[in-house]
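A quick write-up on the structure given underneath.
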Amino acid sequence: MTTSDATGTTVRTRADVAVIDLAGDIDSHAESSLDTAWNEAMASSPTAVTLNFHDAGYINSTGIALIVGMLAKARARGIPLSAYGLTPHYREIFEITRLADFMAIEADEESAVQGADHNRAGGADHNRAGGADHNRAGGAGGSTT
């Protein structure tokens, strides 16, 4: 299943993992798109969700809050949430804000999907990608506020 909205955000399923492909800026204008994507992802009853930031651009503090909201929804359902495709700058922001303590930050989609299997099996390694992520997330650097 693949769906798309007007912002270009798509939802697809790999095995039993919902992949939300984010596109454009993650800010207050993305709230409706993210809510729609979350609801579409939940319609397939996934056992995990991963956020693909490869085509995302600027992420401001409101965008971080929206991601925290998705994390809260995932935790309430008891399903792991992971991310991949973050620039080194945004990966650092996820670490500084401690988002990386509560969601796996992976190097690529394959690692995120395999990591979801690992998390369901009882693994606790939430930051398996190690050093800098070489996948891009759209725009370069910049402030998050």
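By convention here, the first residue in the shown sequence is residue 1.
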Exercise. Is there side-chain contact between Lys73 and Asp35, with at least one heavy-atom pair below 4.5 Å?
Worked result: yes
Seminar exercise, completed: Scanning both residues in full, the closest heavy-atom pair of Ala100 with Ile105 reads CB-CG1, 3.9 Å
Seminar exercise, completed: Shortest non-hydrogen pair, Ala112 vs Glu106, comes out as CA-CG, 3.6 Å
Exercise. What are the two closest heavy atoms between Pro46 and Val49, and how far apart are they?
Worked result: CG-CG2, 4.1 Å
Problem set entry | Under 3.5 Å donor-acceptor, Thr13 side chain and Asp16 backbone | no
Exercise. Which distance, rounded to the nearest 0.5 Å, do you find between the CZ of Arg91 and the OH of Tyr84?
Worked result: 14.5 Å
Seminar exercise, completed: The reported gap from CD1 in Ile20 to CG in Leu34 (rounded to nearest 0.5 angstrom) is 7.5 Å
For this session: Would you indicate whether the side-chain heavy atoms of Asp108 and Gln114 approach each other to under 4.5 Å?
Result: no
For this session: Using the side chain to side chain contact (heavy atoms under 4.5 Å, CB included) rule, take Met70 and Arg75 through it: C-alpha gap first, then chi angles, then the decisive distance, then the call.
Result: CA-CA 9 Å; Met70 293 178 98; Arg75 291 175 62 96; over 6 Å; no
For this session: Could you walk me through whether Phe53 and Phe94 pass the ring pair (Phe, Tyr, Trp, His ring centres under 6.0 Å) test, one step at a time?
Result: CA-CA 12 Å; Phe53 285 91; Phe94 275 46; 5.7 Å; yes
Problem set entry | Heavy-atom check, side chain of Leu71 versus side chain of Leu99, under 4.5 Å | yes
Exercise. Can you tell me how far OG1 of Thr36 sits from CD of Glu31, rounded to the nearest 0.5 angstrom?
Worked result: 10.5 Å
For this session: Side-chain contact test, heavy atoms from C-beta onward, threshold under 4.5 Å: evaluate it for Asp21 versus Asp55 and give yes or no.
Result: no
Exercise. So how far is it from Ile93 CD1 to Leu86 CG, rounded to the nearest 0.5 Å?
Worked result: 10.5 Å
Problem set entry | SB check Arg12 Glu40 (cutoff 4.0 Å) | no
Seminar exercise, completed: Minimal heavy-atom distance between Ala83 and Met103, with the atoms involved, is CB-CE, 3.9 Å
Exercise. Rounded to the nearest 0.5 Å, how far does CG of Leu22 lie from OG1 of Thr10?
Worked result: 8.5 Å
Exercise. Which heavy atom of Thr50 sits nearest a heavy atom of Ser82, and at what distance?
Worked result: OG1-OG, 2.9 Å
Exercise. So, Asn52 side chain and His54 main chain: donor-acceptor pair closer than 3.5 Å or not?
Worked result: yes
Exercise. Is the ring centre of Tyr90 less than 6.0 Å from the ring centre of Tyr58?
Worked result: no
Exercise. For the atom pair CD1 (Ile59) and OG1 (Thr87), what is the distance rounded to the nearest 0.5 Å?
Worked result: 7.0 Å
For this session: Using the side chain to side chain contact (heavy atoms under 4.5 Å, CB included) rule, take Val19 and Val11 through it: C-alpha gap first, then chi angles, then the decisive distance, then the call.
Result: CA-CA 6 Å; Val19 179; Val11 179; over 6 Å; no
Problem set entry | Ser28 and Thr62 side chains, donor-acceptor separation under 3.5 Å | no
Exercise. Can you name the closest pair of heavy atoms from Thr9 and Ala37 and give their distance?
Worked result: CG2-CB, 3.9 Å
